[in-house]
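Please read the structure below before turning to the comments.
Side-chain atoms are counted along with the backbone in the values below, which use heavy atoms only and exclude waters and symmetry mates.
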Amino acid sequence: MSNWLEAPASRTVRFGTAELRADAERPGGWLLTVNGIAQSYVDLDDPTFLELEYVRYLGYVVDALEPSTAPLDVVHIGAGGATFPRYLAAVRPGSRHLVIEADEALAEFVDERLGLRSIPGLELRLADGLTEIDTLPPASADLVIADAYEGLRLARGITGAAFTTEVARVLRPEGVYLLNLVGTRHNLDAIRAIFPHRVLLDGDVFADYNGNQVLAASRVPLPLEALRQRSGQAMPPVRVSVDG
């Protein structure tokens with residue numbers, strides 16, 4: 001028997017067809033896909049449950065930041081099902097979330113079905129994150145999380161010098177930039193030039209891995225040992241490596 005209930009809700013969105021399907025094994029669980037590709041998994045009953053690996057990687061980084069329960073000011077480039085704002089609202093109450101989403105149809109679909117705008121501390125802006133970030137105040141965020149895709153491709157410009165410079169401007173001096181990557185072929189020169197401290201979280205110990213990775217970058221040292229401790233408890237294990 002399939003884990004997924006029949007008759008998913010669907011909506012035509014910017015890059016194809018989005019579907020939301022209920023999880024038969026978790027009453028509050030919902031899987032968001034676009035053109036059949038998983039984008040987000042949300043558990044409305046338990047927002048601390050992180051089904052997708054790369055979202056767990058984000059969690060390992062944020063959980064390693066001290067003080068561990070302090071609220072954060074976060075800019076999210078890309079909304080999806082808003083799994084991570086929900087997680088932070090639960091584990092760091094009082095956090096403020098600016099979610100910037102370019103796909104209005106997708107955002108409205110998720111809001112109607114999963115209550116996107118009802119997440120505590122969340123502000124939704126329907127705009128292109130690559131340009132909207134220019135409007136944000138300097139040194140106003142503890143985290144910037146870029147999870148923006150055009151179909152299967154990372155949104156153009158996300159790793160470029162112009163956007164990365166704006167991310168650094170918006171982050172506080174000790175802030176962290178988190179970037180969801182797919183595959184290993186990305187030009188990260190601009191990020192390396194601006195953020196001297198970088199850690200890569202990768203769920204596969206083999207070379208030529210083509211799945212999701214998370215890059216954490218900062219202008220101050222990252223809590224590497226705490227991060228390794230948290231990710232080392234994961235099953236399957238997660239490789240934490242300094243990005244050189």
| query | What orientation do F195 and Y177 show, parallel under 30°, tilted 30 to 60°, or perpendicular over 60°? | reply | tilted

| remark: Here the pair of heavy atoms bringing G175 nearest to S218 is O-OG, 3.0 Å

| remark: residues 163-177 vs salt bridge (charged side-chain N to carboxylate O under 4.0 Å, His left out), sequence neighbours excluded, gives D73-R172, D142-R172, E166-R169

| field | Any side-chain heavy-atom pair of L222 and L227 under 4.5 Å | value | no

| Of all residues at least two apart in sequence or in a different chain, which pass the salt bridge (charged side-chain N to carboxylate O under 4.0 Å, His left out) check with E51? | none

| Are any of the side-chain heavy atoms of T164 and T159 separated by less than 4.5 Å? | no

Without placing hydrogens or testing angles, list every side-chain donor-acceptor pair under 3.5 Å for residues 109-122, not counting sequence neighbours.
residue	atom	partner	partner atom	Å
D111	OD1	L116	N	3.1
D111	OD1	R117	N	2.9
D111	OD2	R117	NH1	2.7
E112	OE1	R11	NH2	2.7
R117	NH1	E108	OE1	3.4
R117	NH2	E108	OE2	3.1
S118	OG	G115	O	2.6

| Any ion pair linking D243 and R198 (charged N to carboxylate O, less than 4.0 Å)? | yes

| query | Do L136 and R125 come within less than 4.5 Å of each other through their side chains, counting heavy atoms only? | reply | yes

| query | When rounded to the nearest 0.5 angstrom, what is the spacing between CG in N180 and CG in L201? | reply | 11.5 Å

| Plane angle bin for F49 and Y41 - parallel if under 30°, tilted between 30 and 60°, otherwise perpendicular | perpendicular

| said: Nearest 0.5 Å, please: how far is OG in S231 from CZ in R239? | reply: 11.5 Å

| Criterion side chain to side chain contact (heavy atoms under 4.5 Å, CB included) on I191 and V167, from CA distance to verdict | CA-CA 10 Å; I191 296 174; V167 169; over 6 Å; no

| request: Hey, could you give me the CZ/CG distance between F163 and L130, rounded to the nearest 0.5 Å? | output: 5.5 Å

| message | Please report the interatomic distance CD(E132) to CD1(I100), rounded to the nearest 0.5 Å. | response | 5.5 Å

| task | Please step through side chain to side chain contact (heavy atoms under 4.5 Å, CB included) for the pair T17 and N35, ending with a clear verdict. | result | CA-CA 5 Å; T17 301; N35 297 334; 4.3 Å; yes

| task | List the atom of S10, the atom of E19, and the distance in Å for their closest heavy-atom pair. | result | CB-CG, 3.9 Å

| said: Listing request: all salt bridge (charged side-chain N to carboxylate O under 4.0 Å, His left out) pairs with a residue in residues 35-47, at least two apart in sequence or in separate chains. | reply: R26-D43

| said: Using the rule given for side chain to side chain contact (heavy atoms under 4.5 Å, CB included), can you reason through L72 versus V62, listing the C-alpha separation, both sets of side-chain angles and the distance that settles it, and then say yes or no? | reply: CA-CA 10 Å; L72 300 170; V62 174; 3.9 Å; yes

| message | Please enumerate all residues that pass side-chain contact (heavy atoms from CB on, under 4.5 Å) together with L224, with sequence neighbours excluded. | response | V199, R228, V240, V242

| Under a 4.5 Å cut-off applied to non-hydrogen side-chain atoms, are E101 and L124 in contact? | yes

| task | Sorted by first residue and then second, give each side-chain hydrogen bond (donor to acceptor under 3.5 Å, both in side chains) pair with at least one member in residues 79-91; sequence neighbours left out. | result | D63-Y87

| remark: Taking every heavy atom of S40 against every heavy atom of G81, the minimum-distance pair comes out as OG-N, 2.9 Å

| query | Would a 4.5 Å heavy-atom cut-off, applied to side chains only, mark I145 and V75 as touching? | reply | no

| If you take all heavy atoms of H76 and V74, which pair is closest and at what distance? | NE2-CG1, 3.3 Å

| said: Contact between L58 and L50 at the side-chain level, heavy atoms closer than 4.5 Å - yes or no? | reply: no

| request: With sequence neighbours left out, write down each residue that passes side-chain contact (heavy atoms from CB on, under 4.5 Å) with T131, or none if nothing qualifies. | output: D128

| message | Do P223 and L65 make a side-chain contact, defined as non-hydrogen atoms from C-beta onward lying under 4.5 Å apart? | response | yes

| Shortest non-hydrogen contact from A18 toward V13 | CB-CG1, 3.8 Å

| field | R56: partners by salt bridge (charged side-chain N to carboxylate O under 4.0 Å, His left out), with sequence neighbours left out | value | none

| E66: salt bridge (charged side-chain N to carboxylate O under 4.0 Å, His left out) partners, not counting sequence neighbours | none

| field | Those residues that, when tested against Y60, pass side chain to side chain donor-acceptor pair (under 3.5 Å) (two or more places apart) | value | none

| Reported CG-to-CG distance for the pair L181 and L179, which is rounded to 0.5 angstrom | 4.0 Å

| task | Please name all residues satisfying side-chain contact (heavy atoms from CB on, under 4.5 Å) with A161, sequence neighbours left out, ordered by chain then number. | result | A190

| message | How long is the straight-line distance from CD1 of I194 back to CZ of R192, given to the nearest 0.5 Å? | response | 13.0 Å

| said: I'd like to check the ring-ring contact (aromatic ring centres under 6.0 Å, His included) partners of Y54; sequence neighbours left out, ordered by chain and number. | reply: none

| message | Minimum heavy-atom separation for Q213 and L200, please, with both atom names. | response | NE2-CD2, 3.8 Å

